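Report on one structure; see the data block that follows.
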Amino acid sequence: MNIVTAAFEVSPFAKTGGLADVTQALPLEWTKQGHNAITILPKHRGINVDEFGFKKTFLTLNVPMGFSTEFAGVWEGKFPNSDSKVYLIEHEAYFNRDGIYGNPDSYFDNDRRFIFFSRAIFETIKALEITPDIISAHDYHTAYTMAFLRSYYKHEERFSKTAGVFTIHNLAYQGKYDPWRVMDFSGFGMKEFYPGSWFEKDGVVNCMKTGIMFADKITTVSPNYAQEIRQPYYSEGLHGVLNQRGGDLIGILNGVFYDEWNPKTDEKINIKFSSDNLDQKRANKFSFLGSQGLTNNDDLDLPLVCMVTRLTEQKGIDIIRERLDNLIGDKKFRFAILGSGQQNYVEYFNYLKWKYPRNAIVNIGYDEWYAHNLIAASDFLLIPSRFEPCGLTQMYGLKYGTIPIVRSTGGLADTVDEYIPEKKVGTGFVFNNYSADDFEFAMSRALDTYYSAEHLNQIRLNAMAQDNSSVKQAIEYIKVFGWALEKFNK
Ligand code: ADP
């Protein structure tokens with residue numbers, strides 16, 4: 001199959017969250033499985049084109065934007081250690097900026113940047129003379145590819161049998177914009193914007209809705225989230241739209257790209273380890289704590305509970321902050337966090353660090369290396385999310401024997417099972433209610449297990465044996481692509 005992946009962030013080139021991990025893993029797996037997968041993203045300023053070996057092509061794109069045409073360049077390269085091709089769309093004014101979406105707040109013209117990029121996808125495909133079977137677009141930034149495909153490009157021979165598949169990574173971000181701008185940039189015009197149209201929701205443009213309505217198939221990142229978002233609590237207002245397209249909405253669990261996240265081979269971590277030599281995991285913890293300035297006088301064996309996360313309301317920090325202070329004060333565990341985001345949360349964690357300089361390790365920022373080392377070194381990984389479409393870190397934790405403590409929501413519920421000591425089954429600690437009491441109880445179960453060598457060993461073995469590979473995920477997507485294409489073969 002010829003598959004074009006369109007995304008605003010793709011690892012290892014540009015990343016703010018799990019979206020980039022998925023848009024890396026999928027094309028890489030498809031390429032390994034024999035498909036012709038190409039990936040297109042903007043040439044953000046932060047991408048080091050020399051390091052990744054990108055070369056500027058001679059192509060110039062003429063990208064229609066409303067009544068005018070804008071021009072863009074194209075850079076060509078590959079994912080590291082793969083033949084899977086990657087194209088960067090170059091536009092000085094739109095993409096040569098410090099941030100991907102903003103710095104620190106969203107750019108005022110994101111609507112325009114997203115429309116331009118979505119339109120440029122098609123012009124790139126034409127310039128490269130590819131005939132795609134599938135355009136796989138990720139999240140609201142690229143949602144307009146679905147509308148452009150159906151409305152403008154399906155009339156061209158090259159796209160006449162191309163199916164559009166739209167993947168929802170997080171419904172909390174929908175792209176709500178001023179219709180006068182977006183309907184103009186996209187060329188559809190205000191005549192297409194009326195109550196109930198595929199572009200409109202609550203009086204404004206809603207990119208997520210547009211992607212959902214125009215796509216041939218819609219996927220989201222876990223089976224449980226696919227069910228949850230049909231309900232008002234989780235749908236962020238789009239349950240009506242999602243139920244309307246319910247027959248075409250499929251949940252596919254995200255997978256882990258184990259070439260990148262495997263404690264046996266991870267070049268980023270201090271000491272490699274596997275389930276055969278778990279004492280090396282302990283050595284990793286000591287080495288990490290040493291690197292943070294702790295010494296043998298600091299009770300290095302205290303359970304280490306970590307978080308690696310964006311600091312937003314979604315991630316459940318409100319419930320843990322009711323209890324963390326006391327729990328750390330009681331020396332129940334040592335806490336470590338790597339995160340960036342909302343200032344109120346940053347201040348809270350800095351306060352913990354000030355109060356417990358040796359038992360609260362706080363790193364505010366974004367740091368890939370630190371993320372790998374922290375996950376490898378910790379005993380537990382805390383993910384108390386209010387909602388979590390899939391979540392990748394719990395799957396990294398499982399692979400590294402770092403036991404997840406999670407709230408049962410979205411993909412967390414699909415990937416972590418409560419450990420049952422009597423049966424010795426399960427991979428983590430799970431609580432249902434979004435409450436501080438339930439969080440604390442799950443913590444106490446986890447800490448009890450830590451002090452039983454037998455059960456600690458067992459739960460780690462269970463966790464490390466779980467296969468959440470992106471290989472499976474990639475195969476599931478191909479099945480959905482097959483269904484999306486069926487209409488052309490009838
Ligand atoms: P989300 O996409 O909602 O942020 P996921 O769990 O799906 O959550 O993916 C988060 C990804 O971002 C993981 O790869 C995680 O390791 C990474 N990550 C999150 N915060 C940081 C950080 N501060 N530094 C480095 N990596 C981070």
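It should be emphasised that the depicted structure is a prediction, and the values quoted were computed from it without experimental measurement. Nothing fancy with the numbering, it's 1 onward along the sequence. Counting convention: from 1, in listed order, for ligands and their atoms alike.
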Between [X] and [Y], is there a side-chain N and carboxylate O pair less than 4.0 Å apart?
X      : Y      : answer
Asp438 : Arg407 : no
Glu440 : Arg323 : yes
Asp248 : Arg245 : yes
Asp379 : Arg460 : yes

Protein contact to [atom] [nearest heavy atom, distance to 0.1 Å]:
atom                    : answer
atom 10 (C) of ligand 1 : Gly18 N, 3.6 Å
atom 14 (O) of ligand 1 : Asp21 OD2, 2.7 Å
atom 4 (O) of ligand 1  : Arg310 NE, 2.8 Å
atom 23 (N) of ligand 1 : Gly365 O, 2.8 Å
atom 21 (C) of ligand 1 : Tyr366 CE1, 3.5 Å

Gap separating the OH atom of Tyr366 from the CG atom of Leu338, nearest 0.5 angstrom: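 Tyr366 OH to Leu338 CG: 8.5 Å, rounded to 0.5 Å.
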
Answer side chain, backbone, both or neither: which part of [X] comes under 4.0 Å from ligand 1, heavy atoms only.
X      : value
His169 : neither
Thr309 : backbone
Tyr370 : neither

Contact with ligand 1 for Gly391, non-hydrogen, under 4.0 angstrom: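 Gly391: in contact with ligand 1 (<4.0 Å).
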
Where ligand 1 meets Val308 - atom numbers and elements under 4.0 angstrom, heavy-atom basis: 16 (O), 18 (N), 21 (C), 27 (C)

Validation row: Val86, Phe54 side chains within 4.5 angstrom (heavy atoms): yes

Side-chain donor-acceptor pair present, Tyr140, Asn206, cut-off under 3.5 Å: no

Side chains of Asn462 and Gln458, donor plus acceptor under 3.5 Å: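 The answer is yes; a qualifying pair exists.
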
Within the structure, does [X] bring an N/O atom to less than 3.5 angstrom of an N/O atom in ligand 1?
X      : value
Trp261 : no
Asp367 : yes
Asn170 : no
Leu392 : yes

Best match, Gln314, Lys315, Gln394: closest heavy atom to atom 1 (P) of ligand 1: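 The residue whose heavy atom sits nearest atom 1 (P) of ligand 1 is Lys315.
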
NZ or CZ of Arg97 within 45° of Tyr107 ring axis and under 6.0 Å: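 Yes, a cation-pi geometry holds between Arg97 and Tyr107.
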
